[in-house]
4 protein chains.
Amino acid sequence: MLIIALVDDSFIKGRISVEGGKRARMRALTRQKILQTALALFAERGYFGTTIDLISKRCRISKGLIYHYFTNKQDILVAVLEEGLRAGYDLLKGLEDIPDPFQQFAVMIERSFDEMLRNEAYWRLYFHVLLQPGVLELFAQRLTAFYQESIQYFVLLFRRMNVTNAEIEARLLTAMLDGLGLHYFLVGRDFPLAAVKNAIIQRYSRPLDGNVDR
Amino acid sequence: MLIIALVDDSFIKGRISVEGGKRARMRALTRQKILQTALALFAERGYFGTTIDLISKRCRISKGLIYHYFTNKQDILVAVLEEGLRAGYDLLKGLEDIPDPFQQFAVMIERSFDEMLRNEAYWRLYFHVLLQPGVLELFAQRLTAFYQESIQYFVLLFRRMNVTNAEIEARLLTAMLDGLGLHYFLVGRDFPLAAVKNAIIQRYSRPLDGNVDR
Amino acid sequence: MLIIALVDDSFIKGRISVEGGKRARMRALTRQKILQTALALFAERGYFGTTIDLISKRCRISKGLIYHYFTNKQDILVAVLEEGLRAGYDLLKGLEDIPDPFQQFAVMIERSFDEMLRNEAYWRLYFHVLLQPGVLELFAQRLTAFYQESIQYFVLLFRRMNVTNAEIEARLLTAMLDGLGLHYFLVGRDFPLAAVKNAIIQRYSRPLDGNVDR
Amino acid sequence: MLIIALVDDSFIKGRISVEGGKRARMRALTRQKILQTALALFAERGYFGTTIDLISKRCRISKGLIYHYFTNKQDILVAVLEEGLRAGYDLLKGLEDIPDPFQQFAVMIERSFDEMLRNEAYWRLYFHVLLQPGVLELFAQRLTAFYQESIQYFVLLFRRMNVTNAEIEARLLTAMLDGLGLHYFLVGRDFPLAAVKNAIIQRYSRPLDGNVDR
DNA sequence: TATGAATGAGCCTTCATTCAT
DNA sequence: CATGAATGAAGGCTCATTCAT
């Protein structure tokens with residue numbers, strides 16, 4: 001769960017800018033409420049299944065007011081995606097404090113799976129929405145940047161773990177994580193997530209055993 | 001690229017039933033034309049971006065006729081997904097003829113990457129559409145069945161390759177393949193597909209070295 | 001239940017013209033089958049809720065064939081109404097054999113209520129369809145003729161029963177009968193039909209008591 | 001003309017709520033305009049013959065706006081029927097001020113016939129629409145309630161008029177009134193309404209003669 | 001006689017967006 | 001800043017009717 005930003009109900013709330021007058025604070029507050037509601041609705045009903053009217057009603061504000069904060073429905077989507085990305089960065093950053101690379105790796109994987117389970121609906125949304133023709137373009141740069149940063153993170157980590165071919169390995173791992181999320185979403189509930197997670201941690205764990213045991 | 005069925009412009013064309021009278025043949029022909037056009041348009045513009053009117057115009061048939069062949073716009077989508085699934089099965093089946101499991105594995109991976117490149121737009125569609133809230137339900141059973149079969153295929157193959165923990169390994173591999181497709185689509189063109197592909201083949205190749213070299 | 005023709009499942013079947021060759025007989029047969037089916041469907045789903053396609057499928061004939069027998073959907077409707085009218089005439093005619101006018105009257109009322117209960121759906125259809133703007137015009141003459149004849153029947157009967165002002169009385173009675181049907185349909189099942197029926201028979205029965213007892 | 005609510009062009013106009021701000025007043029105004037137009041069009045062309053487009057054009061508003069006030073085309077219909085019912089209640093209420101029951105009865109009958117003539121098109125609509133399969137269900141409760149109330153009114157009146165068997169008698173009378181309306185609509189213009197009306201008044205008038213004179 | 005594929009006009013409904021208040 | 005009435009383009013879908021076979 002790397003490329004796709006991890007979102008939960010709280011991550012938007014906490015970010016209200018405190019600077020500025022009362023006016024500005026109110027404005028930021030309303031904006032965040034819209035974003036939060038849109039996020040929940042997009043996740044719940046899809047982008048096309050969510051109407052501006054529905055968002056406004058759930059926010060208990062008027063439809064017109066939404067257009068004071070966002071120019072477009074699409075604009076809301078982009079903002080939502082951006083917030084998600086920020087949450088994704090958070091996920092990465094928190095890990096740097098763990099000194100042992102193997103342990104850090106294990107925690108990263110654990111956290112990744114945890115987030116996937118907690119915010120399943122958001123994941124679906126992100127995958128779904130970014131694969132929509134025309135949407136990716138709006139967001140490609142930032143997404144790519146985040147992807148690069150994630151890869152970089154694992155490259156550095158893998159080097160400390162003495163994994164050879166660290167870059168390719170990083171790409172494979174992140175792909176595997178997102179792919180597992182995808183499959184978990186698509187093939188349903190009886191997916192052996194715990195076993196899979198442990199296998200991943202095992203594979204990269206000290207001492208340097210092969211990933212595929214024979 | 002396993003879960004998501006692989007589709008290209010030709011695979012539908014070839015399946016026109018030859019039995020039956022002229023009527024039945026015509027009917028099948030029209031149906032296939034609709035499916036084919038819908039597939040292309042869905043891939044090109046997304047499911048919601050594609051209108052029935054557009055499909056009918058591209059097919060040079062009347063709007064109403066489409067509803068002689070499909071009950072719904074959604075019904076067309078499901079049919080498209082089904083066709084894709086069939087192509088997915090085809091992909092698997094062809095491989096059984098290769099006697100050496102390691103070579104078979106390599107071919108499978110190669111083919112998988114090839115298909116991904118050839119039908120990129122369809123891949124996007126499949127991911128996109130299946131992640132749409134409400135759509136998965138229409139298709140969940142068949143998709144799960146196909147997933148199970150894919151896993152089973154790799155389990156058997158891995159056993160012949162003396163890979164321990166074959167089931168988990170199969171899940172990891174298929175996830176990795178789909179995840180790579182996803183990342184390739186999302187982060188753009190400069191993705192080192194060839195290198196990644198080779199690394200995968202390498203990892204599972206004889207002699208039994210570990211997957212992660214240190 | 002006088003103005004509105006009384007219809008049951010059998011009344012059309014029995015009327016296939018026996019003259020003519022095999023061809024003509026087949027033709028009449030198909031025509032009757034269409035009419036019968038249309039009648040049932042109109043009653044069940046209303047005129048607008050019934051499609052030509054549905055009629056053809058229930059008849060197990062093609063859509064096109066219907067247009068060999070009827071020029072229009074409307075044409076079918078008119079034919080159905082005509083058949084109903086014929087049944088209405090039948091209802092009246094059968095009564096003339098009863099010599100005692102009071103008994104004849106009682107039987108007529110009984111039969112009228114019986115029919116209403118047996119063919120409720122058809123009744124609804126007739127009322128419904130004839131009140132549709134534009135439909136009545138197609139059928140007005142025949143309906144008026146039938147109404148006149150019904151009135152005439154009661155006028156003659158009432159005269160034999162020594163009812164003064166027989167014509168007005170006939171109009172009131174037939175209106176009452178149809179009105180009761182209407183109310184029965186509209187206000188539901190707990191309508192005291194039996195009591196009402198008996199009251200009517202009572203009112204016109206020998207010896208000449210007043211209709212409204214004080 | 002009791003069960004079926006009596007409606008004319010004016011009764012909706014008069015009910016615009018005066019409370020509330022300008023917004024609310026405007027809203028009520030538009031709603032009434034839609035209802036009024038729909039009523040006229042339904043009566044004129046039938047429910048199915050009336051399109052939303054037509055209603056909106058006659059109202060000089062956009063098609064979409066109609067759906068701000070009503071969820072459905074059917075919803076408009078129900079609202080129209082409700083208004084009609086209200087008019088029906090009004091018809092009953094006004095009568096209570098007349099002290100002499102016989103005179104009250106006569107006025108009631110007169111008024112009933114008057115209304116029938118004034119709003120013939122609406123009557124047709126009501127009969128027509130309520131007999132449409134599936135429509136009655138939407139409205140059954142309210143209609144039944146009104147019917148019961150009408151019956152109750154006549155029961156009380158008849159008791160004061162010393163009519164025995166007042167309940168049955170009330171059912172017969174209301175049925176007769178609606179039946180006469182139906183016949184008047186169906187068999188055309190030369191129906192002797194005045195004579196029929198007088199006969200009814202006569203029948204229930206003091207002194208206590210029998211209804212059927214011999 | 002019989003079929004059913006094909007048409008196309010038209011219907012109900014949705015919804016992002018605007019704007020007067 | 002805030003409202004929500006109003007717009008209008010467009011979309012999915014229906015269905016009576018036609019016609020080549």
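Note on naming: letters A, B, ... go to the chains in the order of the sequence lines (proteins, then strands), and numbering restarts at 1 for each one.
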- Check whether any side-chain heavy atom of C:Glu83 sits under 4.5 Å from a side-chain heavy atom of C:Leu39, and report yes or no. no

- When we call it a touch if two heavy atoms are under 4.0 Å apart, what does C:Phe70 touch: a base, just sugar-phosphate, or nothing? nothing

- Message: Between C:Tyr67 and C:Ile52, is there a side-chain heavy-atom distance shorter than 4.5 Å?
- Response: yes

- Please work out if B:Tyr69 contacts a base, only the sugar-phosphate, or nothing of the nucleic acid, heavy-atom cut-off 4.0 Å. sugar-phosphate

- Message: Can you measure B:Ile76 atom CD1 to F:dG12 atom P for me and round it to whole angstrom units?
- Response: 9 Å

- Under a 4.5 Å cut-off applied to non-hydrogen side-chain atoms, are D:Leu29 and D:Gln32 in contact? no

- F:dG4 OP1/OP2 closer than 4.0 Å to side-chain N/O of D:Arg27: no

- Query: Are OP1 or OP2 of E:dA6 and a side-chain N or O of B:Thr30 less than 4.0 angstrom apart?
  - Reply: yes

- Side-chain heavy-atom pair C:Leu143, C:Leu81 within 4.5 angstrom cut-off: no

- Query: Considering only heavy atoms from C-beta outward, does the side chain of D:Arg45 approach that of D:Leu54 to under 4.5 Å?
  - Reply: yes

- Item | Value in whole Å for how far the P atom of F:dG4 lies from CD1 of A:Ile55 | 17 Å

- Item | Side chain to side chain, D:Tyr126 and D:Val80, heavy atoms closer than 4.5 Å | yes

- Query: Atom CD of A:Gln74 to atom C1' of E:dT17: distance rounded to whole Å?
  - Reply: 14 Å

- Closest contact, heavy atoms only, B:Thr50 versus B:Gly46: OG1-O, 2.7 Å

- Select from D:Arg60 and B:Thr71 the residue whose nearest nucleotide in DNA chain F is closer to the 5' end of that strand. D:Arg60

- Query: C:Asn72 side chain N/O closer than 4.0 Å to the phosphate oxygens (OP1, OP2) of F:dT17?
  - Reply: yes

- Message: Counting C-beta onward and ignoring hydrogens, is there a side-chain heavy-atom pair between D:His128 and D:Phe42 closer than 4.5 Å?
- Response: no

- Could you give the NE2-to-P distance, from A:His68 to F:dG4, as a whole number of Å? 13 Å

- Using a 4.0 Å heavy-atom cut-off across all strands, classify C:Ile61 as base, sugar-phosphate, or nothing. sugar-phosphate

Strictly under 3.5 Å: I want the nitrogen or oxygen pairs between protein and nucleotides 8-11 of chain E, one per line.
residue, atom, partner, partner atom, Å
E:dG10, O6, B:Lys63, NZ, 3.4

- Task: Can you tell me the distance, in whole Å, between the CG atom of D:Asp75 and the C1' atom of E:dC12?
- Result: 14 Å

- Task: Please give the angle, rounded to 10 degrees, between the axes at the start and the end of the helix from E:dA2-F:dT21 to E:dT21-F:dA2, where five pairs define each axis.
- Result: 10°

- From the list C:Val129, C:Asn72, C:Leu138, side-chain contact (heavy atoms from CB on, under 4.5 Å) partner of C:Leu77 resolves to C:Val129

- Please give, in whole Å, the distance from F:dC13 P to C:Phe48 CZ? 23 Å

- Note on the structure: Here the distance between atom C1' of E:dA2 and atom CG of C:Leu29, to the nearest Å, is 16 Å

- Query: Should C:Tyr67 be listed as having a side-chain N or O under 4.0 Å from OP1 or OP2 of F:dT17?
  - Reply: yes

- Are side-chain heavy atoms of A:Arg142 and A:Val78 found at a separation under 4.5 Å? yes

- Query: Given atom CD1 of C:Ile66 and atom P of E:dG4, what is their separation to the nearest angstrom?
  - Reply: 12 Å

